[in-house]
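Order of the sequence lines fixes the chain letters, A, B, ..., with proteins taken first and strands second; residue numbering starts at 1 for each chain.
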Protein chains: 2
Amino acid sequence: MARSTAQRIATELRARVERGALPPGTRLSEEALGRELDVSRNTLREAFRLLLHDQLVEHRLHRGVFVRVPGLHDVTDIYRMRAALESAGVRAAAEAKPGLREAVTRAVTEAEWAADDGDWSEVASADLRFHRALAALAASPRIDTAMDRLLAELRLVFHSMPSPRRFHQPFLVRNRLLERLLEQGEYARAEAELAGYLTDACRLITDTMREVHP
Amino acid sequence: MARSTAQRIATELRARVERGALPPGTRLSEEALGRELDVSRNTLREAFRLLLHDQLVEHRLHRGVFVRVPGLHDVTDIYRMRAALESAGVRAAAEAKPGLREAVTRAVTEAEWAADDGDWSEVASADLRFHRALAALAASPRIDTAMDRLLAELRLVFHSMPSPRRFHQPFLVRNRLLERLLEQGEYARAEAELAGYLTDACRLITDTMREVHP
DNA sequence: GGCTAAGCTGTTGTTCAACAATCCTCAATA
DNA sequence: TATTGAGGATTGTTGAACAACAGCTTAGCC
């Protein structure tokens with residue numbers, strides 16, 4: 001494992017944020033975190049700059065770094081970008097390697113299994129895997145990492161919202177529909193379905209945010 | 001003015017890289033740069049981590065940071081991502097604000113003027129502005145910054161290649177065609193033209209890279 | 001009471017010097 | 001020729017120190 005201390009700390013903090021141990025809005029104190037993780041302030045600051053990459057955290061001058069609190073604009077923007085990346089994947093589906101297409105099918109199936117078990121947390125993560133697999137059809141490393149960042153941000157959005165079931169239940173069947181269309185080579189219809197899917201999901205989230213938060 | 005020293009240094013270095021003052025492959029020595037820019041090693045390192053964001057620079061453990069040397073795979077990948085982002089813009093063109101659409105037209109016109117003057121460096125940058133304006137039609141900050149990063153990387157590619165004229169001359173007329181299609185509301189044809197444009201441009205670059213570099 | 005302004009406090013921003021860990025070079029060896 | 005092993009140079013990390021700043025508190029004023 002050829003990784004510097006700063007990189008290790010960065011991934012540790014990233015994990016904490018994504019798992020919700022550091023809720024949105026939390027300030028990451030240099031002194032406290034440095035003491036807990038047993039690294040110097042300088043290395044911790046380097047880790048912070050690395051974390052900045054994936055928008056999970058923001059930096060306010062002379063005030064420190066905070067776990068980001070995504071707003072309405074962030075959500076709609078994230079979904080615009082998702083639409084761009086995932087439809088790029090769908091459009092490249094015809095020439096995609098079999099392994100990449102299988103990953104799409106597998107994610108849908110696993111989401112359905114998890115739903116049968118009532119494990120909505122696993123449904124959520126399988127859903128994200130499904131969409132990442134869609135974007136991955138484009139066979140582009142840059143698209144993959146961009147997509148990973150978007151989904152990590154989205155996980156942040158979900159942390160400040162209730163009832164994962166409400167968000168994923170209605171989309172299970174649409175995921176399967178989308179996968180079928182791809183399997184049957186109906187790429188144009190798949191792209192249209194994807195567009196509808198994303199606008200609906202985005203609206204569901206933003207509506208809920210308006211309810212919960214003023 | 002609310003910028004830390006590390007941020008200032010980062011933008012200074014970014015400017016040097018984009019202007020070609022620090023050619024691809026250059027190692028950024030902490031000691032030398034720190035002495036020249038009159039900052040401590042620690043702040044310089046923070047600036048390096050910030051620079052890492054936009055892929056202009058890469059970090060090898062225990063060896064330092066180097067100006068990236070984009071390879072063939074990078075170029076094809078950059079163009080895949082460009083296709084995703086720019087076609088997202090084209091597909092959103094119908095609902096785009098007038099100001100965004102004007103920016104597209106303006107960039108094409110300025111590229112043509114520069115070509116008339118024989119100023120191929122300005123043609124190049126107007127061309128990049130044109131494509132950035134295309135992506136900007138999507139009205140998404142995340143798409144904008146992603147696009148900026150891609151174009152900065154692309155500038156890096158051009159630095160290790162000869163004859164800017166060869167790369168931009170053939171595409172002036174296609175830029176104008178694309179702009180016309182958009183203006184006339186022929187979005188489907190515009191998207192097709194864009195796809196062709198990008199694959200051709202990508203091929204031209206990779207072919208040249210194969211000639212110049214083994 | 002309500003307001004502004006000065007001071008206080010805790011945090012981040014930046015520097016410095018030192019040491020540990022690692023890579024590269026180059027010569028000596030088999 | 002290929003390998004090994006010091007030696008030197010650079011990065012990785014630390015701890016301490018001080019400066020600079022944001023936010024809060026308090027004192028003074030109307």
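Heavy-atom contacts from other residues, nucleotides or ligands closer than 6.0 Å to CG of A:D38 number 12 or fewer.
Within the 4.0 Å cut-off from OP1 or OP2 of C:dG13, not a single side-chain nitrogen or oxygen of B:T43 is found. One finds a side-chain N or O of A:H59 lying less than 4.0 angstrom from the OP1 or OP2 phosphate oxygen of C:dG13. One finds no side-chain N or O of A:T5 lying less than 4.0 angstrom from the OP1 or OP2 phosphate oxygen of D:dG12. Close to D:dT11, at under 4.0 Å from its OP1 or OP2, lies a side-chain N or O of B:R27.
Atom P of nucleotide C:dT14 and atom CZ of B:R3 are separated by 12 Å, given to the nearest angstrom. Nucleotide C:dT14 holds its P atom 13 Å from the CG atom of B:D38, rounded to whole Å. Here D:dT13 presents its P atom at 11 Å from CD of B:E30, a figure rounded to the nearest Å. The distance from atom CD of A:E31 to atom C1' of C:dT9 is 14 Å, rounded to the nearest whole Å. A straight line from CZ of B:R63 to C1' of C:dT22 spans 11 Å, rounded to a whole angstrom. Separating the NE2 atom of B:H62 from the P atom of C:dC19 is a distance of 19 Å, rounded to the nearest angstrom. Here the C1' atom of nucleotide D:dG12 and the CD1 atom of A:I9 are 13 Å apart, to the nearest Å. One can place CZ of A:R35 at 16 Å from C1' of D:dT14, the figure rounded to the nearest angstrom.
Summary of the strand contacts: B:L44 and A:L28 both lie near DNA chain C, and taking for each the nucleotide with the nearest heavy atom, the more 5' one is attributed to A:L28.
No donor-acceptor distance shorter than 3.5 angstrom exists from the side chain of A:R41 to the backbone of A:E31, with no hydrogens or angles considered.
Inter-residue side-chain proximity for B:D119 and B:V123 is flagged as unmet; no heavy-atom pair is nearer than 4.5 Å.
Ion pairing between A:E86 and A:R132 fails under the 4.0 Å rule for side-chain N and carboxylate O.
Checked against D:dT10, C:dT14, D:dG12, the side chain of A:R41 finds its nearest nucleotide in C:dT14. Which of C:dA17, C:dG13, C:dC23 sits closest to the side chain of B:N42 comes down to C:dA17. Comparing D:dA22, D:dG15, D:dT11 by their nearest atom to the side chain of A:S40 picks out D:dG15.
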Intermediate values then yes/no, side chain to side chain contact (heavy atoms under 4.5 Å, CB included), A:R142 and B:D74: CA-CA 9 Å; A:R142 277 166 181 76; B:D74 292 300; 3.1 Å; yes
